[in-house]
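Encoded as C-alpha cells, the structure appears first; notes follow it.
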Amino acid sequence: TYSLRDDGLIRVQNRGYNVAEGAWSEAVGRADFVDSSRVGRLKVSFFGPFWGGYNVVRYDPARGLALVVGPKLDWVWILSRTAIPATDDLLRAESWLRSVGVDPESLHWTKHDPGMCAEGGSSE
C-alpha cells in the first residue's frame with residue numbers, strides 16, 4: 001500500500017502472510033522519486049539511511065498490474081491489485097518479463113490463498 005506522507009515522501013507498506021508462522025508480517029518504509037514524480041524511478045528505504053532502486057518498468061492502470069525491478073534484474077516484482085491475477089494478466093506479466101530480459105521460469109511465483117488476503121481489507 002502506498003500513500004503520501006506529510007514530508008512529501010511516499011509511505012510504503014508491505015504486508016504478507018507467513019504460512020510457516022501462521023501470522024501476518026509487515027514492513028513500513030519510505031520512497032522518494034529520483035528524477036520527477038512523473039517518472040516511475042524511485043529510491044526506497046526500509047532500513048534507516050540505506051536506499052534501494054525501485055523502477056516501475058511497465059504499468060497497466062486498467063488491469064491494476066505493474067512490473068517493478070530493482071537496481072538490477074535480479075530483483076523483480078509483479079504487483080497486482082488482486083490476490084490471484086487473471087490468467088491473461090499473468091500472461092501479460094510474463095511477456096513484460098521477457099521484454100526486459102527476465103526468464104519467467106527463474107522467478108519464485110507466490111501462491112496466494114484469497115481468504116488470507118481479506119485481513120486488513122487489502123489484497124495488494
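Starting from 1, each residue takes its place in the sequence as its number.
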Report task. Is it possible for you to say whether Phe33 and Phe50 belong to one hydrophobic cluster, with membership spreading through side-chain heavy-atom contacts below 4.5 Å? Result -> yes
Requested in this report: Could you walk me through whether Trp24 and Arg15 pass the side-chain contact (heavy atoms from CB on, under 4.5 Å) test, one step at a time?
Outcome: CA-CA 7 Å; Trp24 286 91; Arg15 289 187 80 224; 3.6 Å; yes
Report summary line: Distance col, row Gln13:CD vs Ser3:OG, nearest 0.5 angstrom, shows 8.0 Å
**Report entry** Co-membership, hydrophobic cluster, residues Leu42 and Trp51, 4.5 Å side-chain
**Finding:** no
Query raised in the report: Shared ILVMFWY cluster between Val44 and Leu9, side chains joined below 4.5 angstrom?
Result: no
Query raised in the report: Does Arg63 pair with Asp88 as a salt bridge, N-O distance under 4.0 Å?
Result: yes
Report task. Taking atom CD of Glu105 as the centre, report whether more than 12 heavy atoms of other residues, nucleotides or ligands fall under 6.0 Å from it. Result -> no
Query raised in the report: At their closest point, which heavy atom of Val28 faces which heavy atom of Phe46, and how far apart are they?
Result: C-CD2, 3.6 Å
Report task. Could you tell me which non-hydrogen atom of Pro85 sits nearest to which non-hydrogen atom of Ser80, and how far apart they are? Result -> CG-OG, 3.7 Å
Query raised in the report: Step by step, would you call Arg30 with Arg11 a side-chain contact (heavy atoms from CB on, under 4.5 Å)?
Result: CA-CA 5 Å; Arg30 62 189 193 267; Arg11 181 180 187 270; over 6 Å; no
**Report entry** Pairwise distance OG(Ser99) to CG(Leu67) - rounded to 0.5 angstrom
**Finding:** 7.0 Å
Requested in this report: Determine yes or no for a side-chain-to-main-chain donor-acceptor pair under 3.5 angstrom, with Asn55 supplying the side chain and Gly70 the backbone.
Outcome: yes
Report task. Decide yes or no for Leu97 and Val76: does some side-chain heavy atom of the first lie under 4.5 Å from some side-chain heavy atom of the second? Result -> yes
Query raised in the report: Going through the distances and angles, do Ile10 and Asp32 end up as a side-chain contact (heavy atoms from CB on, under 4.5 Å)?
Result: CA-CA 6 Å; Ile10 299 164; Asp32 195 11; over 6 Å; no
Query raised in the report: Is there a path of hydrophobic side-chain contacts, each under 4.5 Å between heavy atoms of I, L, V, M, F, W or Y residues, that connects Val34 with Tyr54?
Result: no
Report task. To the nearest 0.5 Å, tell me how far Asp89 CG sits from Arg81 CZ. Result -> 13.0 Å
Report task. Calculate, to the nearest 0.5 Å, the distance between atoms CG and CZ belonging to Leu79 and Arg58 respectively. Result -> 14.5 Å
**Report entry** Residue pair Leu91 / Ser95, side-chain heavy-atom distance below 4.5 Å
**Finding:** no
Requested in this report: State whether the number of non-hydrogen atoms from other residues, nucleotides or ligands found under 6.0 Å of Trp75 atom CH2 is greater than 12.
Outcome: no
Query raised in the report: With a 4.5 Å limit on heavy-atom distance, are the side chains of Trp96 and Leu65 in contact?
Result: yes
Requested in this report: Check Leu73 against Val100 and note the closest heavy-atom contact, atom names and distance.
Outcome: CD1-O, 3.0 Å
